[in-house]
Colleague: 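One structure, as structure tokens, below. Some questions next.
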Amino acid sequence: MTAALSAHELIARHRSTLDQALEAIRTRAYWSPHPEHPKAYGENGSLDMAAGKAAFDALLGSRLDLDQPGTDDWVGGETSPYGIDLGVTYPHADLDVLLPAMKAGQRAWRDAGAEQRAVVCLEILKRISDRTHEFAHAVMHTSGQAFMMAFQAGGPHAQDRGLEAVAYAYVEQVRTPDNAEWTKPQGKRDPLAMNKQFTPVPRGIALMIGCNTFPTWNGYPGLFASLATGNAVLVKPHPRAVLPLALTVQVAREVLAETGFDPNLVALAAERPGEGIAKTLALRPEIRIIDYTGSTEFGDWLEANARQAQVYTEKAGVNTVVVHSTSDYKGMLANLAFSLSLYSGQMCTTPQNLLVPREGISTDQGPKSYDEVVADLAQSVDGLLGDDARANALLGAIVNPDVKARLEAAAGLGEVALASREITNPDFPGAVVRTPVIVKLDGAKPDDEAAYMSECFGPVSFAVAVDSAEDAAELLRRTVREKGAMTVGAYTTDPEVEQAVQEVCLEEAAQLSLNLTGGVYVNQTAAFSDFHGSGGNPAASAALCDGAFVANRFRVVEVRRDA
């Protein structure tokens, strides 16, 4: 293929960004090349708000032709959680044609080397960034996120996570030099001398199985980690959230072609309604890497059955907050209320169980009983969401009927401290919008344990009464060990309690946030600084991102010769 963009041009364009990303993952300091504010777009070829909305509207009812081999049908059927039928159709692939075509371009991609692969990935991310407003609407209308969250989480934050994966991939690949001169002294005899060549070799084709709630944020780390380490990537979106990842594949194929590589290194595997091709793909011998975000049941199945592949999963967990004491009661309540409400609790990091001593807690406003803490938190959530316009901007829409069913069933599990209410979205009358429910449970009652020891994904939280801080720490330990957790939070002014909770999290490999009362929330993580998941408890087998997330996507093959 003839390259419209040379390696020299790409390195000149993107090497400084790569270097800054490498420095950011080393220092863990704040950095991002992708603006978070919508008004930052509209110059240097990027789409502004109006152009991005127009580009999204033009997609509705269209056929997204990716010009990939093996297309044997056109499939679609996405309906926005806001009540809009997207009407976009996508290529359906004959895998026996598509997979061999994907393998054909891997040799040239492997031989390009770590730096060239990295800057091609950065060019893909730059073009996605230029279309952030268009992608934001695609994420919003497939995930149910409110627009601002879809813009930030589905746009710059997702792009940051993709870039972070590229940076880690680059570091791990260049850890070993390309060539080495090896000389071993032999005393009076001539030394032994050899030339040694080391090449990062990809595993094969990577399968990225997308999720419904965060198609780009959760999808980009695996996609770019695999691509940057030399693997072809087959993107299998969630059937209800195809569009954002289909657009991603479209951009990636364009950039690969323009840089002289085979566009089939990235392809889309959309499916017919009810086809369920993820299991079929996961067992294909060509698939050597799998990235998956979703239910524990299918994640466990992948880990047990896709034996030919390196499997990275982010599954379900029961996220817990220990509420022992606080020096900022108002700030604690406000922080928790926001964390419980954001995107209707439809985040893998949203707190579910709030462990509160039954005798109450100490605060800067005096002692507060268990009942007072729960009532005050309910009032804080109610106040936060009291204005319908603000509530719609925070809650978004319920992503699917299963979440709605869990929310409605939760009210029957215990005493309701905060009832969920229905909110109308005037811009999207078809949207299902519900405020969170808070249910009081007793940690000493076996009948309540079945509820709080199971993940209830969505806007459902349990205020669990415990006997003491020691009991809270022990219940936290058991929860993380048995069910997993993406996040743990704790509020305490007691150094011994803080140490006990921290020790649990260190031993059970759970990411901990202590005494958050400001504008940082337990369910948010920052690329280049925070680790999302740990890979050390049942909630996930990998962390986004660390060296382990990328290093086993390739192997180093050595060729040695006598000098």
Colleague: Output, in order, the C-alpha distance, side-chain angles, deciding distance and verdict of side chain to side chain contact (heavy atoms under 4.5 Å, CB included) for Arg253 and Asn264.
Modeller: CA-CA 7 Å; Arg253 291 176 63 84; Asn264 296 321; 3.0 Å; yes

Colleague: To the nearest 0.5 Å, what is the distance between CD1 on Ile124 and CD on Gln250?
Modeller: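 With rounding to 0.5 Å, CD1 (Ile124) is 12.5 Å from CD (Gln250).
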
Colleague: How many angstroms lie between CG in Leu256 and CD in Glu123, if you round to the nearest 0.5 Å?
Modeller: 10.5 Å

Colleague: Judged by atom type as modelled, is there a donor-acceptor pair below 3.5 Å linking the side chain of Ser534 to the main-chain atoms of Gly536?
Modeller: yes

Colleague: Taking Thr213 for the side chain and Ser143 for the main chain, is one N or O donor matched with an acceptor at less than 3.5 Å?
Modeller: no

Colleague: Any side-chain to backbone donor/acceptor pair from Arg110 onto Pro200? Under 3.5 Å, distance only.
Modeller: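 Judged by distance alone, no pair lies under 3.5 Å.
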
Colleague: Please check if any side-chain donor atom of Asn218 sits under 3.5 Å from a side-chain acceptor atom of Arg161, or the reverse.
Modeller: no

Colleague: How are the rings of Phe151 and His133 set relative to one another: parallel (under 30°), tilted (30 to 60°) or perpendicular (over 60°)?
Modeller: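 The rings of Phe151 and His133 sit tilted, inter-plane angle from 30° to 60°.
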
Colleague: Glu275 versus Pro239: any side-chain heavy-atom pair under 4.5 Å?
Modeller: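 SC-SC contact between Glu275 and Pro239 ruled out.
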
Colleague: If you define the side chain from C-beta out and look only at heavy atoms, does anything of Met149 sit under 4.5 Å from Phe214?
Modeller: yes

Colleague: Please determine if Arg406 and Asp402 form a salt bridge, counting it only when a charged side-chain N lies under 4.0 Å from a carboxylate O.
Modeller: no

Colleague: Has the side chain of Glu508 got a donor or acceptor atom that lies under 3.5 Å from a matching backbone atom of Val504?
Modeller: no

Colleague: Looking at Tyr41 and His34, what are the two nearest heavy atoms and their distance?
Modeller: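 Looking at all heavy atoms of both residues, the shortest contact is OH-C, 4.1 Å.
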
Colleague: Does any part of the side chain of Thr525, heavy atoms only, come nearer than 4.5 Å to the side chain of Trp217, both counted from C-beta?
Modeller: yes

Colleague: To check you understand the geometry: which heavy-atom pair defines the closest contact between Leu64 and Ala246, and what is its length?
Modeller: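 Smallest interatomic distance, heavy atoms only, reads CD2-CB, 3.5 Å.
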
Colleague: Let me confirm one number: the CE-CG distance from Met486 to Asn537, rounded to the nearest 0.5 Å.
Modeller: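 Answer for the CE-CG pair, Met486 versus Asn537, is 8.0 Å.
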
Colleague: Looking at Glu455 and Lys483, is there a salt bridge between them, counting it only when a charged N and a carboxylate O are closer than 4.0 Å?
Modeller: no

Colleague: Taking Thr216 for its side chain and Gly154 for its backbone only, find out whether a donor-acceptor pair lies under 3.5 Å.
Modeller: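 Yes.
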
Colleague: Is a side-chain donor or acceptor of Glu286 paired with a backbone partner of Pro100 at a separation under 3.5 angstrom?
Modeller: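 Such a contact is absent between Glu286 side chain and Pro100 backbone.
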
Colleague: Whether Lys103 and Asp262 form a salt bridge (side-chain N of Lys/Arg under 4.0 Å from carboxylate O of Asp/Glu) is what I want to check.
Modeller: no

Colleague: Show the nearest heavy-atom pair for residues Gly484 and Pro538, with the distance to one decimal.
Modeller: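 That would be CA-CD, 3.7 Å.
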
Colleague: Would you say CZ of Arg28 has more than 12 non-hydrogen atoms from neighbouring residues, nucleotides or ligands within 6.0 angstrom?
Modeller: yes

Colleague: Please check if any side-chain donor atom of Gln159 sits under 3.5 Å from a side-chain acceptor atom of Thr132, or the reverse.
Modeller: yes

Colleague: Please tell me if the side chains of Val119 and Arg13 come closer than 4.5 Å, counting only heavy atoms from C-beta onward.
Modeller: no

Colleague: With rounding to the nearest 0.5 angstrom, report the CD to OG1 distance, Glu78 to Thr89.
Modeller: 10.0 Å

Colleague: Show the nearest heavy-atom pair for residues Ala539 and Ala485, with the distance to one decimal.
Modeller: CB-N, 3.4 Å

Colleague: Could you tell me if the side chain of Asn392 sits less than 4.5 Å from the side chain of Phe428, heavy atoms only?
Modeller: no

Colleague: Could you check whether Tyr452 and Phe462 have their ring centres less than 6.0 Å apart?
Modeller: no

Colleague: Do the side chains of Asp73 and Arg272 get close enough for a salt bridge, i.e. N-O under 4.0 angstrom?
Modeller: yes

Colleague: Return the CD to CZ distance between Gln152 and Phe147, rounded to the nearest 0.5 Å.
Modeller: 10.0 Å

Colleague: Evaluate the side-chain proximity of Arg127 to Glu258: yes if any heavy-atom separation is below 4.5 Å, no if none is.
Modeller: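 In short, these two side chains touch, coming nearer than 4.5 Å.
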
Colleague: Less than 4.5 Å apart, side chain to side chain, heavy atoms only: is that true for Ile289 and Pro202?
Modeller: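 Of all side-chain heavy-atom pairs linking Pro202 with Ile289, none is under 4.5 Å.
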
Colleague: For Asn523 and Asn319, run side chain to side chain contact (heavy atoms under 4.5 Å, CB included): C-alpha distance rounded to whole Å, both residues' side-chain angles, the deciding distance at 0.1 Å, then the answer.
Modeller: CA-CA 10 Å; Asn523 43 353; Asn319 301 319; over 6 Å; no

Colleague: How far apart are the closest heavy atoms of Ile287 and Leu281, and which atoms are they?
Modeller: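 So the two residues come closest at CG1-O, 3.2 Å.
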
Colleague: To the nearest 0.5 Å, what is the distance between CG (Asn400) and OG1 (Thr79)?
Modeller: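 The CG atom of Asn400 sits 12.5 Å away from the OG1 atom of Thr79.
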
Colleague: Does Tyr82 have its ring centroid less than 6.0 Å away from the ring centroid of His137?
Modeller: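 Between Tyr82 and His137, the centre distance exceeds or equals 6.0 Å.
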
Colleague: Are Phe298 and Tyr292, when compared by the centres of their aromatic rings, separated by less than 6.0 Å?
Modeller: yes

Colleague: Would His157 and Gln524 count as a side-chain hydrogen bond (donor to acceptor under 3.5 Å, both in side chains) here? Give the steps.
Modeller: CA-CA 10 Å; His157 296 171; Gln524 296 174 321; over 6 Å; no

Colleague: Tell me whether Gln346 contacts the main-chain N or O of Gln145 through its side chain, where contact means a donor paired with an acceptor under 3.5 Å.
Modeller: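 Checked: no pair found.
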
Colleague: Per the side chain to side chain donor-acceptor pair (under 3.5 Å) rule, which among Asp160, Thr248, Asp291 passes with Tyr220?
Modeller: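 Exactly one pass, corresponding to Thr248.
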
Colleague: I'd like to know whether CG of Asp65 has more than 12 heavy-atom contacts from other residues, nucleotides or ligands below 6.0 angstrom.
Modeller: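 Correct, the count exceeds 12.
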
Colleague: Does Arg553 form a salt bridge (Lys or Arg N to Asp or Glu O under 4.0 Å) with Glu172? I'd like the steps, not just the answer.
Modeller: CA-CA 10 Å; Arg553 294 172 191 264; Glu172 294 301 326; over 6 Å; no

Colleague: Does Arg117 make a cation-pi contact with Tyr170 (under 6.0 Å, within 45 degrees of the axis)?
Modeller: no

Colleague: On a heavy-atom basis, which atom in His14 and which in Lys126 lie closest, and how many Å separate them?
Modeller: CE1-CB, 4.0 Å

Colleague: Determine whether a donor-acceptor pair (N or O, by modelled atom type, separation under 3.5 Å) exists between the side chain of Ser226 and the backbone of Gly222.
Modeller: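 A pair under 3.5 Å: yes.
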
Colleague: Any heavy-atom pair between the side chains of Phe338 and Leu394 that's under 4.5 Å?
Modeller: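 Answer yes - side chains close enough.
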
